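Single-structure report; data block below.
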Amino acid sequence: MAKPSKAIERELAEFVAVEGPALCKALSRRFPSLRDEVEDLFQTAVEQTLQKVRAKAFRPRAGWAAWLRRVAEHRALERLRSWERRTFVRLAASSTSPASDASSTSAAAAPVDPNRGPQREVLEDERRGRQGVLLSEILKQFARYCEASARRLPMKEAYERGLRGQRPAEIAAALGVDRNQVDLWLKRARDWVLERVRQEDVDRSVFLTLHRVKPE
Amino acid sequence: MPAHLPQLDSFGEVVRWVIEELGALCPAADRLRAYAARPDDPSLRDVRYHVQEAGCRRCRDELEALGHPQR
């Protein structure tokens, strides 16, 4: 009698043959930065799933589409987080170098400490390289913090609107509240993020860019 | 560097990218499911903004997978 895992393997192979292209297309839409790698990511997801099937006769309760999509998304997010980390270190280094472009980083440049000698510079560079927490993680933590209390949900919306480019007056109009309330929410959000930035040792220039005030 | 990974040249661009592509401000899964069931619920106003007005691709795909495609 054939092993149960063999039957499941065949089921998976048939599913991939029929639905694989559509899933890859959906992944390309979801992660446009990775559209050249989507097939590799999907193939990795299939191989990992196959290992589980062979080891434990695994069959996902939510169905193959949902399972493979989740696994492929995890792989894609890992790839993007690695890119985010490298980008962040590059930008942090360039924003404190004398040759940095003032027009592109003027609002984001980290304040330069005139008392910082060469040894301190080396230590700073090492610190940035070791940086463990990403901006994406801090913002996610902020979202979860707001969702934990109904009172904080308007602050989440106001902050997201601000990060997406809306000015405080526009946010106030959209939320049907007065401008002072929006200013208060944005200040609280910024303070929360800044505190987390301090705790996690993320470069302060992230904060400065996040909270660049748009002229009214 | 793979061809389509963005060359992000300012922290502002990084912020926009992590929101759009890494889903940094996406609602928690249970709130998105609640929105699928009750899109007009006042307590899900922030989710409505995120999905309808900001047009988050990730959340719209997720809602479609839940059987609630967004216009």
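Each chain gets a letter, A, B and so on, in the order the sequences are listed, and its residues count up from 1. Quick caveat, the model's predicted, so the values are computed rather than measured.
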So, the part of A:Arg69 with a heavy atom under 4.5 Å from chain B: the answer is side chain
Region of B:Arg31 in contact with chain A, defined by heavy-atom distances below 4.5 Å:
side chain
If I compare all heavy atoms of A:Lys140 with all of B:Gly23, which pair ends up nearest, and what's the gap?
CE-O, 3.9 Å
With a cut-off of 6.0 Å (strictly less than), are more than 12 heavy atoms of other residues, nucleotides or ligands near CD of A:Glu11?
yes
The reported gap from CZ in A:Phe31 to CZ in B:Arg57 (rounded to nearest 0.5 angstrom) is 9.5 Å
Rounding to 0.5 Å, atoms CD (A:Glu160) and OH (B:Tyr49) come to a distance of 5.0 Å
Whatever's closer than 4.5 Å to a heavy atom in chain B on A:Ala26 counts as backbone
Looking at B:Arg48 and A:Glu157, is there a salt bridge between them, counting it only when a charged N and a carboxylate O are closer than 4.0 Å?
no
Keeping A:Arg30 on the side-chain end and B:Glu21 on the backbone end, is there a donor-acceptor pair under 3.5 Å?
yes
Measuring only between side-chain heavy atoms, which start at C-beta, is B:Ile19 closer than 4.5 Å to A:Arg164?
yes
Assess whether a salt bridge exists between B:Asp46 and A:Lys156, defined as any Lys/Arg side-chain N lying under 4.0 Å from an Asp/Glu carboxylate O.
yes
Are A:Arg70 and B:Glu62 close enough for a salt bridge, meaning some N to O gap below 4.0 Å?
yes
Which bit of B:Glu53 comes within less than 4.5 Å of chain A, counting heavy atoms only: side chain, backbone, both or neither?
side chain
Taking all non-hydrogen atoms of both residues, which atom of B:Ser43 and which atom of A:Leu153 are closest, and how far apart?
O-CD1, 3.4 Å
Smallest heavy-atom separation, A:Ala143 atom then B:Cys26 atom, equals CB-O, 4.4 Å
Between A:Arg144 and chain B, which part of the residue has a heavy atom less than 4.5 Å away: side chain, backbone, both or neither?
side chain
Taking all atoms of both residues into account, what is the closest heavy-atom pair of B:Leu25 and A:Phe142, and its distance?
CD2-CD2, 4.4 Å
pair B:Arg45-A:Leu175: side-chain heavy atoms closer than 4.5 Å
yes
Taking every heavy-atom pair that is under 4.5 Å apart, which of A:Ser136, A:Pro154, A:Ala174, A:Ala158 has the most such pairs with chain B?
A:Ser136
How close do A:Leu77 and B:Leu22 get, counting heavy atoms only, and between which atoms?
CD2-CA, 4.1 Å
